[in-house]
Colleague: 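Dropping the structure in here first, questions after.
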Amino acid sequence: MQTRAARRSGIPRRRFRFHPAQIVAFGFAGTILIGTLVLMLPIAKVGPGGANVMEALFTATSSVCVTGLIVVDTATYWTGFGQVVIMLMIQIGGFGIMTFASVIGLAVLRKLSLRSRITAATEAKSVGLEDVKGLVIGVVRISLIAEGVVAVILTLRFLIGYEEPLGRAIWLGVFHAVSSFNNAGFALFSDSLIGFATDPFICLPICAAVILGGIGFPVIVQLRRHLRSPLQWTMNTRLVLAGTIVLLVAGTVYITALEWSNPKTLGPLDWPDKILVGFFQAVQTRTAGFNSVDSAALDSATLLGSDVLMFIGGGPAGTAGGIKITTFAVLFFILWAEVRGEVAVNVFGKRLSRAVHREAITVVLLAVFVIVAATAALLVMTDISLDRLLYEVISAFATVGLSTGITAGLPVAGQVILILLMFIGRLGPVAFASAIALRDRRTPYELPKERPLIG
C-alpha cells in the first residue's frame with residue numbers, strides 16, 4: 001500500500017505484474033488442482049469412496065500435461081464421469097490453458113486485450129501479436145476438425161468391426177480421437193491398444209492424429225495455405241517436416257529390426273503386421289503414449305532408441321513434448337557447421353541467429369540436467385534397473401506416456417518426481433525457468449572476451 005508521503009512526493013507506485021510465462025504456469029497448476037478435486041469425488045471412481053489424493057493428482061497432471069502415464073487403470077478404475085473429466089482435461093491441456101482462456105474471452109468479449117495477446121502468444125509460441133486472435137481460432141478449428149474425422153473413423157470401426165453398441169462405439173471413437181490428436185496416450189482398454197495391434201483401421205487413424213497434432217499448429221496452418229508452394233514455407237515448417245519424416249522412418253526401421261525376432265513382441269507376427277506394429281511404436285515415441293506391444297518386453301536396445309526419440313519429441317507449438325524437432329535440428333546444424341569449419345550456421349539457405357544457438361543449447365542442457373537428476377533420485381529410492389527408470393523418466397519429461405509398468409509401483413516420492421517432470425516437460429524447461437524468475441536481468445556493461453581451450 002502506497003504511503004501518503006510517497007503520493008505527495010510524486011514517486012510512482014510500483015505495481016507487480018506477472019510474467020506471461022508465470023500466468024501460463026499458474027493456469028496449468030490451477031487446472032490440475034481443479035481436476036484433482038473433481039477426480040476425488042466418489043462419482044468419479046468405480047466402487048465405494050473416492051480416489052485418494054495421489055491417484056487423483058497423478059491422473060490430473062498426466063491428463064492436463066497430455067502425458068498418459070497412469071497409476072490406476074483408466075478403463076476400470078474411473079467411472080464414465082471420471083473418464084469424461086479426464087478427456088476434458090486432455091482437451092484443455094492440448095489447447096493450452098491460456099489459449100483456451102483466450103477462446104472464452106473471444107466468445108464473450110469479442111476482443112482480446114494486449115496482455116491477453118501476449119499471454120496467448122507465450123503459450124502458442126507465436127512470433128507476432130497481431131496474428132494471435134486468428135491463431136487461437138485456428139487452433140480450435142483444426143483440433144475439432146481433426147478429432148472429429150478420426151472419431152468418425154474409429155466409431156465406425158468399433159461399431160462394424162467389433163460390434164460394439166452404438167453409444168459405446170461413439171464414446172470409444174471420441175475419447176481415443178481426443179487422446180491421440182492431443183498426444184495424450186490415454187486409452188479405455190486395460191492393455192492400451194495391444195488388442196488392436198494388427199488392425200490398421202484402428203492404428204493408422206490414431207497414428208495420423210498423433211502426427212498431425214505433433215507437428216504443431218503453425219506448420220498445419222502454413223501447409224493449409226501454401227501446400228503447393230514449398231518455397232513459401234518458413235524454416236520452422238521445413239525443419240519440422242523434414243525432421244518428422246526422418247525420425248519416423250528411422251524409428252520404424254530401428255524398432256522393427258531390433259524386435260523382429262523377439263517372441264514377446266513382433267516375433268509371432270507376419271511381416272506386414274510387424275511393419276505396422278513397428279511403425280505404430282515409432283509414432284508413439286513422438287510423445288503420444290499408446291502402445292500395441294508390451295513395453296516391458298522390449299529389448300534394452302529398443303528402450304534406448306525409444307529414449308532418444310522421446311527426448312526429441314515433436315514440433316513446437318503443437319501437442320507433442322520433448323525438446324522439439326527444431327531444437328534438435330538446430331544443434332545438428334551447429335555441429336555440422338563446426339565440423340566443416342564454417343563461421344555461420346546456415347539452414348535451407350538462411351542464416352541462424354546466434355540467439356537461436358543459445359536457446360537450443362539452453363533447452364537441451366536444462367532437459368538433460370532434469371532427466372539425470374530425476375533418474376538418479378529414482379535409482380536411490382528403488383531397486384529398478386537403469387534402463388527402465390530412464391525410460392520412465394524421459395517418458396514423463398517428454399510427456400509421452402509410454403511405460404514399462406513400473407509407475408504404479410513407485411513409492412509416493414517417486415510418483416511426485418514424475419508429476420514434477422510432467423509439469424516441467426509440458427511447460428518446457430526455458431518457460432518453466434522464466435516463469436519462476438522474478439524479473440529479467442540486464443547487464444549494463446560487457447566484460448572483455450577470452451577463449452578457453454575446448455576439448
Colleague: Is the backbone N or O of Gly267 less than 3.5 Å from a side-chain atom of Ser261, with the two atoms forming a donor-acceptor pair by type?
Modeller: no

Colleague: Let's go through Leu69 and Ser395 carefully: what are the C-alpha distance in whole Å and the side-chain angles of both, what is the deciding distance for side chain to side chain contact (heavy atoms under 4.5 Å, CB included) to 0.1 Å, and is it a yes or a no?
Modeller: CA-CA 8 Å; Leu69 287 177; Ser395 179; 4.1 Å; yes

Colleague: For Thr74, is there any backbone N or O sitting under 3.5 Å from a side-chain donor or acceptor partner on Gln83?
Modeller: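 Yes; at least one donor-acceptor contact below 3.5 Å.
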
Colleague: Do you know the tightest heavy-atom contact between Leu154 and Ala177?
Modeller: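 The answer is CD1-N, 4.1 Å.
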
Colleague: For the pair Thr285 (side chain) and Ser306 (backbone), establish whether a donor and an acceptor sit closer than 3.5 Å, ignoring hydrogens and angles.
Modeller: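 Not a single qualifying donor-acceptor pair exists.
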
Colleague: Without swapping roles, check the side chain of Arg426 against the backbone of Gly93 for a donor-acceptor pair under 3.5 Å.
Modeller: yes

Colleague: Heavy-atom distance under 4.5 Å between the side chains of Thr59 and Tyr77, does that happen here?
Modeller: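 They are not in side-chain contact.
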
Colleague: Looking at CD1 of Ile90 and SG of Cys65, how far apart are the two atoms once the value is rounded to the nearest 0.5 Å?
Modeller: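 One finds 11.5 Å between CD1 of Ile90 and SG of Cys65.
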
Colleague: Looking at every heavy atom in both Val412 and Met54, which two are closest together, and how far apart are they?
Modeller: CG1-CE, 3.6 Å

Colleague: For Thr382 and Leu410, work out which heavy atoms get closest and say how close.
Modeller: CG2-CD2, 4.0 Å

Colleague: Please check: side-chain N/O of Ser62 versus main-chain N/O of Gly68, any donor-acceptor pairing under 3.5 Å?
Modeller: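 Pair found, side chain donor or acceptor close to backbone of Gly68.
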
Colleague: Nearest 0.5 Å, please: how far is OG1 in Thr265 from CG in Asn291?
Modeller: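 It is 12.0 Å, given to the nearest 0.5 Å.
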
Colleague: Is there a donor-acceptor pair under 3.5 Å between the side chain of Trp233 and the backbone N or O of His226?
Modeller: yes

Colleague: Taking the side chain from Thr375 and the backbone from Leu390, do they hold a donor-acceptor pair closer than 3.5 Å?
Modeller: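 Between the backbone of Leu390 and the side chain of Thr375 there is no qualifying donor-acceptor contact (under 3.5 Å).
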
Colleague: Which atoms form the tightest heavy-atom contact between Phe95 and Asn182, and what is the distance?
Modeller: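 Nearest heavy atoms, Phe95 then Asn182: N-OD1, 4.3 Å.
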
Colleague: More than 12 heavy atoms of other residues, nucleotides or ligands under 6.0 Å from CZ of Phe328: yes or no?
Modeller: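 No - once you tally the heavy atoms of other residues, nucleotides and ligands closer than 6.0 Å, there are 12 at most.
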
Colleague: Looking only at heavy atoms, which two atoms of Ala296 and Arg388 are closest? And how far apart?
Modeller: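 Closest approach of Ala296 to Arg388, heavy atoms only: CB-NH2, 4.1 Å.
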
Colleague: Please lay out, stage by stage, how Trp78 and Val72 fare under the test side chain to side chain contact (heavy atoms under 4.5 Å, CB included).
Modeller: CA-CA 9 Å; Trp78 304 108; Val72 293; 3.6 Å; yes

Colleague: Between the side chain of Asn262 and the main-chain N/O of Ala297, is any donor-acceptor distance below 3.5 Å?
Modeller: yes

Colleague: Measuring from atom CG of Leu402 to atom OG1 of Thr67, what distance do you get when rounded to the nearest 0.5 angstrom?
Modeller: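 Going from the CG atom of Leu402 to the OG1 atom of Thr67 covers 11.0 Å.
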
Colleague: Can you tell if the side chain of Ile371 reaches within under 4.5 Å of the side chain of Phe311, non-hydrogen atoms only?
Modeller: yes

Colleague: Any heavy-atom pair between the side chains of Phe189 and Ile194 that's under 4.5 Å?
Modeller: no

Colleague: Go through Leu247 and Leu309 one step at a time and tell me if the side chain to side chain contact (heavy atoms under 4.5 Å, CB included) criterion holds.
Modeller: CA-CA 7 Å; Leu247 292 175; Leu309 293 172; 4.1 Å; yes

Colleague: Mind checking what makes salt bridge (charged side-chain N to carboxylate O under 4.0 Å, His left out) contact with Arg228, not counting sequence neighbours?
Modeller: none

Colleague: If you define the side chain from C-beta out and look only at heavy atoms, does anything of Ile220 sit under 4.5 Å from Ile215?
Modeller: yes

Colleague: With a 3.5 Å distance limit and no angle check, can you tell me whether Arg351 reaches the backbone of Asn346 through a side-chain donor-acceptor pair?
Modeller: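 Looks like no, no N/O pair under 3.5 Å.
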
Colleague: Set out, in order, the CA-CA distance, both residues' side-chain angles and the distance that settles side chain to side chain contact (heavy atoms under 4.5 Å, CB included) for Leu188 and Met87, then state yes or no.
Modeller: CA-CA 11 Å; Leu188 294 181; Met87 186 186 71; over 6 Å; no

Colleague: Between atom CD1 of Ile32 and atom CG of Leu37, what is the distance when rounded to the nearest 0.5 Å?
Modeller: 12.0 Å

Colleague: Decide yes or no for Lys324 and Val363: does some side-chain heavy atom of the first lie under 4.5 Å from some side-chain heavy atom of the second?
Modeller: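 Answer no - side chains too far apart.
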
Colleague: In the structure I gave you, are the side-chain heavy atoms of Phe181 and Val150 within less than 4.5 Å of one another anywhere?
Modeller: no

Colleague: Please round to the nearest 0.5 Å and tell me the distance separating atom CG of Leu39 and atom CD1 of Ile86.
Modeller: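 If we round to the nearest 0.5 Å, Leu39:CG and Ile86:CD1 are 5.5 Å apart.
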
Colleague: Could you give the distance from CG (Asp383) to CG (Leu379), rounded to the nearest 0.5 Å?
Modeller: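 Nearest 0.5 Å value for the CG-CG distance: 10.5 Å.
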
Colleague: Please identify each residue that fulfils salt bridge (charged side-chain N to carboxylate O under 4.0 Å, His left out) with Glu342, with sequence neighbours left out.
Modeller: Arg340

Colleague: Which is it for Ser403 and Glu392 under the side-chain hydrogen bond (donor to acceptor under 3.5 Å, both in side chains) test, yes or no, and what are the steps along the way?
Modeller: CA-CA 6 Å; Ser403 174; Glu392 208 81 7; 2.6 Å; yes

Colleague: List the steps, then state whether side-chain hydrogen bond (donor to acceptor under 3.5 Å, both in side chains) holds for Asn236 with Thr234.
Modeller: CA-CA 5 Å; Asn236 179 76; Thr234 62; 4.8 Å; no

Colleague: Any donor-acceptor pair under 3.5 Å linking the side chain of Glu55 with the backbone of Val71?
Modeller: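 The answer is no, because no donor-acceptor pair under 3.5 Å joins these two groups.
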
Colleague: Which heavy atom of Trp260 sits nearest to which heavy atom of Lys274, and what is that distance?
Modeller: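 Taking every non-hydrogen atom into account, O-NZ, 3.1 Å.
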
Colleague: Checking Ser292 against Gln281 for the side-chain hydrogen bond (donor to acceptor under 3.5 Å, both in side chains) test, could you report, in this order, the C-alpha distance in whole Å, the side-chain angles of both residues, the deciding distance, and whether it holds?
Modeller: CA-CA 7 Å; Ser292 59; Gln281 290 301 122; 3.3 Å; yes

Colleague: Counting C-beta onward and ignoring hydrogens, is there a side-chain heavy-atom pair between Phe333 and Leu239 closer than 4.5 Å?
Modeller: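 A side-chain contact under 4.5 Å exists here.
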
Colleague: Quick check on Phe348: does its CZ atom have over 12 non-hydrogen neighbours (other residues, nucleotides or ligands) under 6.0 Å away?
Modeller: yes

Colleague: Mind checking whether Ile384 and Leu378 have side chains closer than 4.5 Å, heavy atoms only?
Modeller: no

